[in-house]
Amino acid sequence: MAGYDGNGNSNAVRGGGGGSNQEEVQIEIAGSSKPAVSLAHEAPQQSAPVKHWQWWLMVVLNMFFLVAGQTSATLLGRFYYNEGGNSKWLSTFVQTAGFPVLFIAQFLFRPKSPSTQATTSGPEASITKITLIYIALGLIIAADDLMYSYGLLYLPVSTYSLICASQLAFNAVLSYFLNAQKFTPLIFNSVLLLTFSASLLGVDEDSPSSSDISQGNHVLGFVLTLGASATYSLILSLMQVTFEKVIKRETFSVVLNMQIYTAFVATLASLVGLFASGEWKTLEGEMHMFSPGKVSYVMTVLWTAISWQIASVGVVGLIFVVSSLFSNVISTLALPIIPVFAVIFFHDKMDGIKIIAMLIAIWGFISYGYQLYVDDKKSRKTSSSVEENS
């Protein structure tokens with residue numbers, strides 16, 4: 001998200017610094033995977049090439065945040081369980097508890113001219129409506145994080161990460177109904193491949209890598225991880241709907257507020273679950289029994305929280321500059337990364353079925369990635385034609 005201010009001046013997510021025309025051009029370019037924004041064609045044409053370069057910089061930086069944060073957080077979460085941690089609610093809590101870090105970004109990259117931002121935005125939604133949306137999304141996020149926590153506990157991290165790829169298939173379908181996303185043959189192919197990849201892991205009877213995990217818990221982990229992937233896809237689509245239909249303002253501060261307040265609600269819900277379940281009583285014992293020591297326990301929890309927050313910044317940033325479906329696609333970039341690290345650090349078993357599932361999932365990612373390339377190429381050609389005709 002820091003990439004939104006890549007040159008210290010103008011970007012697509014802030015209303016200040018570059019004026020309304022500047023922001024409109026960004027929306028047109030970013031809209032290759034979104035419904036068109038009519039204001040985009042009112043912007044000065046000569047600034048379009050610069051804005052296109054800045055848009056790609058924002059996309060690349062947010063991709064890095066998402067992939068690096070997700071990979072680090074997943075591996076640290078598995079490390080926590082492997083070394084003696086067992087609190088599912090604590091694991092859920094750390095997935096959103098790092099949200100105060102975003103206040104730093106909100107302060108550093110705040111709009112320099114609020115009046116300009118006000119002129120580029122539409123009518124503001126009521127505070128009550130936005131608050132209710134934040135609360136609802138926050139509670140859904142908390143439930144989703146809890147399912148992910150159970151999945152990571154009961155599954156090898158390589159299996160877990162491959163099942164998570166199914167979120168792309170779920171999001172493609174949900175985006176079609178909720179976000180008017182085009183469902184092209186390439187996207188349909190991607191959905192089928194990712195669904196097949198997850199199905200292979202579901203029928204793999206040799207997946208449990210530890211005698212401590214029963215077959216029943218392994219099945220439960222698979223079902224919960226699959227359910228979490230579907231719920232996560234729903235969250236992304238609902239966020240995009242909120243930006244486009246309710247808030248109707250896509251600025252840097254709006255994107256950050258969405259992340260901060262939903263994470264705040266999710267964190268509170270996780271704390272309630274931690275105390276209501278009684279797991280808080282076991283945390284001190286966990287710290288003492290943690291194999292690498294108390295300091296390592298604290299640092300593992302702390303950096304897991306920070307890593308998840310870095311990933312969530314990338315998620316929301318990509319929803320803003322491209323679409324929820326693209327955000328989900330980029331999260332699958334971690335597919336060939338997490339299982340490799342899992343084999344190196346946790347000695348996960350990579351049998352033939354897992355390797356085939358990984359290759360099929362990567363094929364699904366490439367299929368959708370090529371669709372994005374085709375869309376972008378078509379969008380640039382259309383923009384050039386408009387410039388020539390005018």
What distance separates [X] [atom1] from [Y] [atom2], expressed to the nearest 0.5 Å?
{"X": "I360", "Y": "F196", "atom1": "CD1", "atom2": "CZ", "result": "5.0 Å"}
{"X": "S296", "Y": "Y80", "atom1": "OG", "atom2": "OH", "result": "12.5 Å"}
{"X": "L238", "Y": "K245", "atom1": "CG", "atom2": "NZ", "result": "13.5 Å"}
{"X": "Y134", "Y": "T242", "atom1": "OH", "atom2": "OG1", "result": "8.5 Å"}
{"X": "M239", "Y": "L234", "atom1": "CE", "atom2": "CG", "result": "10.5 Å"}
{"X": "S72", "Y": "W308", "atom1": "OG", "atom2": "CH2", "result": "10.0 Å"}

With side chains defined as the heavy atoms from C-beta onward, is the minimum distance between F170 and L226 less than 4.5 Å?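 F170 vs L226: side chains touch.
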
Partner of F93 under side-chain contact (heavy atoms from CB on, under 4.5 Å), chosen from D145, L274, L271:
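Single pass found, and it is L271.
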
(request) Over all heavy atoms of both residues, which pair between S237 and L174 is shortest? Give the atoms and the distance, please. (result)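 Reported closest heavy-atom pair: OG-CB, 3.8 Å.
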
_Quick check: closest heavy atoms across F79 and T300, and the distance to 0.1 Å?_
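Taking every non-hydrogen atom into account, CE2-OG1, 3.5 Å.
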
Do we see a donor-acceptor contact under 3.5 Å between the side chains of T92 and S149?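 The criterion, which ignores hydrogens and geometry beyond distance, is satisfied for S149 and T92.
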
Would a distance-only check, ignoring hydrogens and angles, find a side-chain to backbone donor-acceptor pair under 3.5 Å from [X] to [Y]?
{"X": "R78", "Y": "P156", "answer": "no"}
{"X": "N62", "Y": "M58", "answer": "yes"}
{"X": "T262", "Y": "G138", "answer": "no"}
{"X": "T74", "Y": "Q70", "answer": "yes"}
{"X": "Q309", "Y": "V101", "answer": "no"}

query = For T184, which residues count as a side-chain contact (heavy atoms from CB on, under 4.5 Å) partner, sequence neighbours excluded?
reply =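 Here the qualifying residues are K182, L186, I187, Q371.
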
Using the rule that Ile, Leu, Val, Met, Phe, Trp and Tyr join whenever any side-chain heavy atoms are under 4.5 Å apart, tell me whether V67 and I362 fall into a single cluster.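 Both belong to a single hydrophobic cluster.
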
Whether over 12 other heavy atoms sit under 6.0 Å from I127 CD1 =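 For I127, atom CD1 is not crowded (no more than 12 foreign heavy atoms under 6.0 Å).
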
Taking side chain to side chain donor-acceptor pair (under 3.5 Å) as the test, write out the residues that go with S367, two or more places apart.
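Checked S367 against side chain to side chain donor-acceptor pair (under 3.5 Å); matches are N189.
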
